[in-house]
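These notes are about the structure you will find just below.
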Amino acid sequence: MKTKAAITYEYHKPLVIEEVDLDPPGKKEVRLKVAATAICHSDVHCKHAEHGVHPLPAIGGHEICGYVDAVGEEVTYVKKGDKVIASIIPVGCGQCYYCYIGAQGVCRNNTLALFKPGPLVNSRGTRILNFEGPVAGFTEYTVVPEVNLVKMPDEIAVDKACLIACGVISGYGAVLNRAKVQTNRSCVVVGTGGVGLNAIQGAASIGAYPIIAVDIVDSKLEVAKLFGATYVINSRIEKDPVKKVFELTYGRGADYIIVSVAGIEILRQAWTMGGPLSTTCVIGHGWDERLSDWRPVEFCGGRTLTGSAMGGVRTRVDIPRLAELYLAGKIKLDELVTNRFPFSQINQAMDSMEAGKVIRNIIMFD
């Protein structure tokens, strides 16, 4: 079938909206009618080859909510008409070692594989790469493996549900599943975009204190207060952000530091905000960054440097639960949405995201 898609033909250039051919759903695959796709900063990174130079043309978009339009053979989890989100993290196989111990996010059989040829072919017969591997959301229709789908309640609006597919789980999950922040312990969140704000509300939900938000944009820091930050630091204005964190934690340094933005220098500064036995959890990362300024002795006191991919979630356990928490008024999603754009204005939405003054822009499809 034909569908319109927004394609990257040249790095650093606007996306091109054109009609392309979409493969029919194959075995264990599902065709979705896309309803809403949020723009993540990773989409901007892909546009500028900041996650590596990959063959073009390619397509982005990985925070997707839509409706099942057709199913392939052996699909059992969903049926036509179901409301779903598509996540780049597949459900666990249920049979490998990691699934048995409850770590489905690192399943050894259903693995995350990025930068793969996708189901779209342009008018010149060229198959289009999916920047985000199993999913592509910058298109009216897409085909996704069933293992990457999670059913959503009818009550949740599509422009809120799509946020859970990446930004929400990446921040909220990193706090609960990877850093394992504890009640009454201090937590610093560096970067208060969509992922960082969800880390803040994750820390607030389990009673961390104080929760210190660090960013360079005052408007984002104001939003961080709404999500549960008890203190904010503008690291561009504050003379010594590390010293300020120690002051706010009674001289001890933070117990947990969540880093949701890229940059080795930023990570290094975040690490130094921690006290003895602290845990620094890396979410944000750039292409081919290398650690160089760490000494083994820094770890001898029990400090931990760890990482998080998509919050370490169990997709069909944690994602539905987050939807339930939202519907119960226990977590915020509405406040994450800055603007909504029609598909025809996707480049304006991307430019706005790149400018760094919005949390999430949503592409709404008819």
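No experiment lies behind these values; they were computed from the predicted model shown. Computed over heavy atoms, backbone and side chain alike; hydrogens, waters and symmetry mates excluded.
- Residues Val195 and Ile212 do not share a hydrophobic cluster, clusters being chains of Ile/Leu/Val/Met/Phe/Trp/Tyr side chains in contact below 4.5 Å.
- Linking ILVMFWY residues whenever their side-chain heavy atoms come closer than 4.5 Å, directly or via other members, places Ile169 and Phe227 in the same cluster.
- A pairwise comparison of heavy atoms in Ile156 and Ala323 identifies CD1-CB, 4.2 Å as the closest pair.
- The aromatic rings of Tyr209 and Tyr231 sit tilted, their planes meeting at an angle between 30° and 60°.
- For the side chain to side chain contact (heavy atoms under 4.5 Å, CB included) criterion with Ile363, the lone passing option out of Ile64, Asp159, Ile346, Val34 is Ile346.
- Residues Lys47 and Tyr11 form no side-chain contact, since every pair of their non-hydrogen atoms from C-beta on lies 4.5 Å or further apart.
- The backbone N or O of Val337 lies less than 3.5 Å from no partner atom in the side chain of Lys160, so there is not a single donor-acceptor pair.
- Linking Ile, Leu, Val, Met, Phe, Trp and Tyr residues whenever their side-chain heavy atoms come within less than 4.5 Å leaves Leu176 and Val106 in two separate clusters.
- Scanning both residues, Val68 and Val84, for their nearest heavy atoms gives CG2-CG1, 4.2 Å.
- The closest side-chain donor-acceptor pair between Tyr98 and Asn109, if any, does not fall under 3.5 angstrom.
- Within the model, atoms OG1 of Thr304 and CG of Leu277 stand 8.0 Å from one another, a figure rounded to the nearest 0.5 Å.
- Under the 3.5 Å distance criterion, the side-chain polar atoms of Ser170 are left unmatched by any main-chain donor or acceptor of Gly167.
- Note that the SG atom of Cys40 and the NE2 atom of His45 stand 8.0 Å from one another [nearest 0.5 Å].
- The backbone N or O of Lys4 sits less than 3.5 Å from a side-chain atom of Glu140, completing a donor-acceptor pair.
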Between Val282 and Thr306, is the side-chain contact (heavy atoms from CB on, under 4.5 Å) condition met? List the steps.
CA-CA 6 Å; Val282 181; Thr306 189; over 6 Å; no
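- Heavy-atom minimum distance, Ala208 versus Cys187: CB-CB, 4.4 Å.
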Mind running side-chain hydrogen bond (donor to acceptor under 3.5 Å, both in side chains) on Asp351 and Gln348 for me, showing each step along the way?
CA-CA 5 Å; Asp351 291 344; Gln348 292 94 313; over 6 Å; no
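- By the 4.0 Å N-to-carboxylate-O rule, Lys220 lies too far from Glu335 to be salt-bridged with it.
- Nearest heavy atoms, Tyr67 versus Val158: OH-CG1, 3.6 Å.
- Under the 4.0 Å criterion applied to side-chain N and carboxylate O atoms, Arg321 and Asp318 are not assigned as salt-bridge partners.
- Minimum heavy-atom separation, Ser308 to Cys281: CB-SG, 3.8 Å.
- Judged purely by distance below 3.5 Å, without hydrogens or angles, the side chains of Ser186 and Asp255 pair a donor atom with an acceptor atom.
- The side-chain heavy atoms of Val150 and Tyr77, taken from C-beta on, include a pair separated by under 4.5 Å.
- More than 12 non-hydrogen atoms from other residues, nucleotides or ligands lie less than 6.0 angstrom from NZ of Lys151.
- Arg316 places a side-chain N or O within 3.5 Å of a backbone atom of Leu149 that can act as its donor or acceptor partner.
- Lys180 contributes a side-chain N or O that, together with a main-chain N or O of Asn177, makes up a donor-acceptor pair within less than 3.5 Å.
- Between the side chain of Glu298 and the main chain of Arg295, a donor-acceptor pair closer than 3.5 Å is present.
- Side-chain N or O atoms of Ser260 include none that pairs as donor or acceptor with a backbone N or O of Gly284 at under 3.5 Å.
- The backbone N or O of Glu132 lies less than 3.5 Å from no partner atom in the side chain of Asn130, so there is not a single donor-acceptor pair.
- Met1 and Val121 are assigned to two separate hydrophobic clusters, defined by single-linkage of ILVMFWY side chains at heavy-atom distances under 4.5 Å.
- With a 4.5 Å cut-off on side-chain heavy atoms, Tyr172 and Leu325 count as touching.
- Phe365 is listed as a side-chain neighbour of Thr37, based on a closest heavy-atom distance under 4.5 Å.
- With hydrogens and angles left out, the side-chain atoms of Arg303 and Thr280 include no donor and acceptor closer than 3.5 Å.
- A salt bridge between Asp154 and Lys83 is absent, with no side-chain N of the basic residue lying under 4.0 Å from a carboxylate O of the acidic one.
- A side chain to side chain donor-acceptor pair (under 3.5 Å) with Arg31 is found for one member of Thr142, Asp23, Asp69 and no other, namely Asp69.
- Judged by distance alone, the side chains of Ser352 and Asn361 do bring a donor and an acceptor atom under 3.5 Å apart.
- Both Met350 and Val358 sit in one connected hydrophobic cluster of ILVMFWY residues. Membership requires side-chain heavy atoms under 4.5 Å apart, directly or through other members.
- Using a distance-only test at 3.5 Å, with no hydrogens or angles considered, a donor-acceptor pair links the side chain of Asp82 to the main chain of Lys79.
- Between His48 and Glu354, the side chains place a donor N or O and an acceptor N or O closer than 3.5 Å (distance only, hydrogens not considered).
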Set out, in order, the CA-CA distance, both residues' side-chain angles and the distance that settles side-chain contact (heavy atoms from CB on, under 4.5 Å) for Ile211 and Val188, then state yes or no.
CA-CA 6 Å; Ile211 300 171; Val188 169; over 6 Å; no
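- In this structure the side chain of Val214 never reaches within 4.5 angstrom of the side chain of Val189, judged on heavy atoms.
- Taking the charged nitrogens against the carboxylate oxygens, Arg127 and Asp21 have no contact shorter than 4.0 Å, which rules out a salt bridge.
- In this structure, Asp215 contributes its side chain and Thr192 its backbone to a donor-acceptor pair below 3.5 Å.
- A salt bridge links Glu74 with Lys27; the closest basic N to acidic carboxylate O contact falls under 4.0 Å.
- Here the CG-CD1 distance, from Leu32 to Ile85, works out to 11.0 Å after rounding to the nearest 0.5 Å.
- To the nearest 0.5 Å, the span separating CG on Asn339 from CD1 on Ile39 amounts to 10.0 Å.
- Side-chain contact between Thr8 and Phe138 is absent, with no heavy-atom pair separated by less than 4.5 Å.
- Proximity of Thr315 to Pro90: side-chain heavy atoms (C-beta onward) are nowhere separated by under 4.5 Å.
- Separation of atoms CG (Asn347) and CG (Leu15) is listed at 4.5 Å; rounding is to 0.5 Å.
- For the pair Arg268 and Glu265, the salt-bridge criterion is not met [side-chain N within less than 4.0 Å of a carboxylate O].
- The pair Glu63-Arg360 meets the salt-bridge criterion, with a side-chain N (NZ, NE, NH1 or NH2) lying under 4.0 Å from an Asp/Glu carboxylate O.
- Cys99 approaches Gln95 most closely through the heavy-atom pair CB-N, 4.1 Å.
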I'd like to know whether Val75 forms a side-chain contact (heavy atoms from CB on, under 4.5 Å) with Glu29, so could you lay out the CA-CA distance, the side-chain angles of the two residues, the decisive distance to 0.1 Å, and finally the verdict.
CA-CA 7 Å; Val75 169; Glu29 291 184 333; 5.8 Å; no
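- A donor and an acceptor atom, one from each side chain of Tyr9 and Glu18, are located under 3.5 Å apart.
- At least one side-chain heavy atom of Thr249 sits under 4.5 Å from a side-chain heavy atom of Pro210.
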Please determine whether side-chain contact (heavy atoms from CB on, under 4.5 Å) holds for the pair His62 and Asp43, giving the CA-CA distance in whole Å, both sets of side-chain angles, and the decisive distance to 0.1 Å.
CA-CA 8 Å; His62 60 279; Asp43 296 315; 3.2 Å; yes
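- Considering CG of Leu163 and CD1 of Ile331, their distance stands at 10.0 Å, rounded to 0.5 Å.
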